[in-house]
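Take a look at the structure set out below.
Small disclaimer: the values here were computed from a predicted structure and weren't measured. Position 1 is the first residue of the sequence; numbering continues from there.
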Amino acid sequence: MSPIIKAPKRFVRPLRPQEWGEAMQMVWRVFLRFEADEYSLDGVQNFYHFITDDLLYMMYKQGVYRVFAAFEGRKLIGMISIRDGNHISLLFVDEDYHHQGIGRALMRYLCDLLVAEGRETFVTVHSSPYAVDFYHKMGFRDTDGEKKQAGIIFTPMQFFL
Ligand SMILES: CC(C)(COP(=O)(O)OP(=O)(O)OC[C@H]1O[C@@H](n2cnc3c(N)ncnc32)[C@H](O)[C@@H]1OP(=O)(O)O)[C@@H](O)C(=O)NCCC(=O)NCCS
């Protein structure tokens, strides 16, 4: 008789405080692999300070900075966060899970939630150079050309819910 192997389930839900460290470690790992080469040393340092800043964690604890994570079973495999109600701040998927629909699932979860809450009519993002085509596939449109600020290169974009 062959053994029963259950595939671990994938799902998205709000991040729990005890998962913050695991999420930011994944973000930093993926950032180094897919984004850091495009930025100056200043940009890389600024990004590191942003994700390790106690203030960001406090804002998350207060519900001002909202974070949602994708899991496979208990393993955190991606995350999306928003600030100012409708601005995507971080969207990162573990490298081993790229091109498996996790980024799209995180985007859908966020957009469905914002529509259900009824306060926002659009979302914005500063896309990394690496993610520009991904966001275009998700229906985002550029609102300006590529910019460089504090060593970080990004394209401002918008998506109507
Ligand atoms: C961008 C990112 C979140 C996409 O996550 P993902 O789980 O691989 O994306 P999905 O599998 O849901 O892809 C959805 C669609 O976008 C496409 N896509 C994904 N990444 C892409 C990329 N880098 N370039 C072009 N297309 C891409 C997929 O092929 C898929 O297309 P399809 O619907 O025609 O099959 C992920 O590559 C990542 O973490 N990148 C590094 C961090 C980053 O740049 N984040 C954005 C910060 S603003």
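Ser127 places no side-chain N or O within donor-acceptor distance of the main-chain N or O of Thr155, the cut-off being under 3.5 Å. Between the side chain of Asn86 and the backbone N or O of Glu120 there is no donor-acceptor pair closer than 3.5 Å. Judged by distance alone, with hydrogens and angles left aside, the side-chain atoms of Tyr60 form a donor-acceptor pair with the main-chain N or O of Leu15 at under 3.5 Å.
Residues Leu56 and Met26 fall within the same hydrophobic cluster, defined by Ile, Leu, Val, Met, Phe, Trp and Tyr side chains chained together at heavy-atom separations under 4.5 Å. Placement of Val30 and Met107 in two distinct hydrophobic clusters is found when ILVMFWY residues are connected by side-chain heavy-atom separations under 4.5 Å, directly or transitively. Leu113 and Phe11 fall into different hydrophobic clusters, where Ile, Leu, Val, Met, Phe, Trp and Tyr are joined by side-chain heavy atoms under 4.5 Å apart, directly or via other members. Val93 and Val12 fall within a single hydrophobic cluster, where Ile, Leu, Val, Met, Phe, Trp and Tyr side chains are chained together by heavy-atom contacts under 4.5 Å. Note on Ile102 and Ile88: same hydrophobic cluster, where clusters join Ile, Leu, Val, Met, Phe, Trp and Tyr whose side-chain heavy atoms are under 4.5 Å apart, directly or indirectly.
For Gly151 against Ser40, the heavy-atom pair with the smallest separation is CA-OG, 3.3 Å. Gly43 and Ile152 get closest at one heavy-atom pair: O-CD1, 3.4 Å. The two residues Leu76 and Ala69 have their closest heavy-atom pair at CD1-CB, 4.0 Å. Of all non-hydrogen atoms in Pro156 and Gly145, the two that sit nearest each other are CD-O, 3.3 Å.
More than 12 non-hydrogen atoms from other residues, nucleotides or ligands lie less than 6.0 angstrom from CZ of Arg13. In this structure, Lys61 places its NZ atom where only 12 or fewer heavy-atom neighbours from other residues, nucleotides or ligands lie under 6.0 Å away. No more than 12 heavy atoms of other residues, nucleotides or ligands lie within 6.0 Å of OH in Tyr48, so this atom counts as exposed by the packing criterion.
When side chains are defined from C-beta on, Phe68 counts as touching Pro14, because their heavy atoms get closer than 4.5 Å. Taking 4.5 Å as the limit, every side-chain heavy atom of Asp142 sits out of range of all side-chain heavy atoms of Tyr135. Considering only heavy atoms from C-beta on, Leu90 comes within 4.5 Å of Met24 through its side chain. The closest side-chain heavy-atom distance from Arg108 to Met138 is not below 4.5 Å.
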Tell me, with the steps shown, if Arg10 and Gln100 meet side chain to side chain contact (heavy atoms under 4.5 Å, CB included).
CA-CA 11 Å; Arg10 291 180 179 178; Gln100 296 179 37; 2.8 Å; yes
Could you go through the salt bridge (Lys or Arg N to Asp or Glu O under 4.0 Å) check for Arg66 and Glu117 one step at a time?
CA-CA 14 Å; Arg66 304 174 77 187; Glu117 290 175 349; 2.7 Å; yes
Derivation and outcome, side chain to side chain contact (heavy atoms under 4.5 Å, CB included), residues Ser128 and Phe34
CA-CA 9 Å; Ser128 66; Phe34 293 97; over 6 Å; no
List the steps and the verdict of side chain to side chain contact (heavy atoms under 4.5 Å, CB included) for Leu114 and Ile82.
CA-CA 11 Å; Leu114 293 180; Ile82 45 168; 4.1 Å; yes
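Between Phe159 and Phe140, the ring center distance clears the sub-6.0 Å criterion.
With sequence neighbours left out, Glu35 forms a side chain to side chain donor-acceptor pair (under 3.5 Å) with Tyr39. Applying the side chain to side chain donor-acceptor pair (under 3.5 Å) test to Gln25 and every residue at least two apart in sequence or in another chain returns nothing. Remark: Asp42 engages no residue in a side chain to side chain donor-acceptor pair (under 3.5 Å) (not counting sequence neighbours).
Here Phe134 contributes atom CZ and Arg104 contributes atom CZ; the two are 7.5 Å apart, rounded to the nearest 0.5 Å. The CG atom of Asp96 lies 10.0 Å from the CD1 atom of Ile77; values are rounded to the nearest 0.5 Å. Between the NZ atom of Lys75 and the CD atom of Glu22 there is a distance of 7.5 Å, given to the nearest 0.5 Å. Distance check: Leu161 CG to Cys111 SG gives 5.0 Å after rounding to the nearest 0.5 Å. Here the straight-line distance linking atom CD1 of Ile153 with atom CD of Glu146 works out to 5.5 Å at 0.5 Å rounding. For the atom pair CG (Leu110) and CG (Leu106), the distance works out to 9.0 Å, reported to the nearest 0.5 Å.
A tilted orientation is assigned to the rings of Phe47 and Phe92, their planes being inclined by 30° to 60°.
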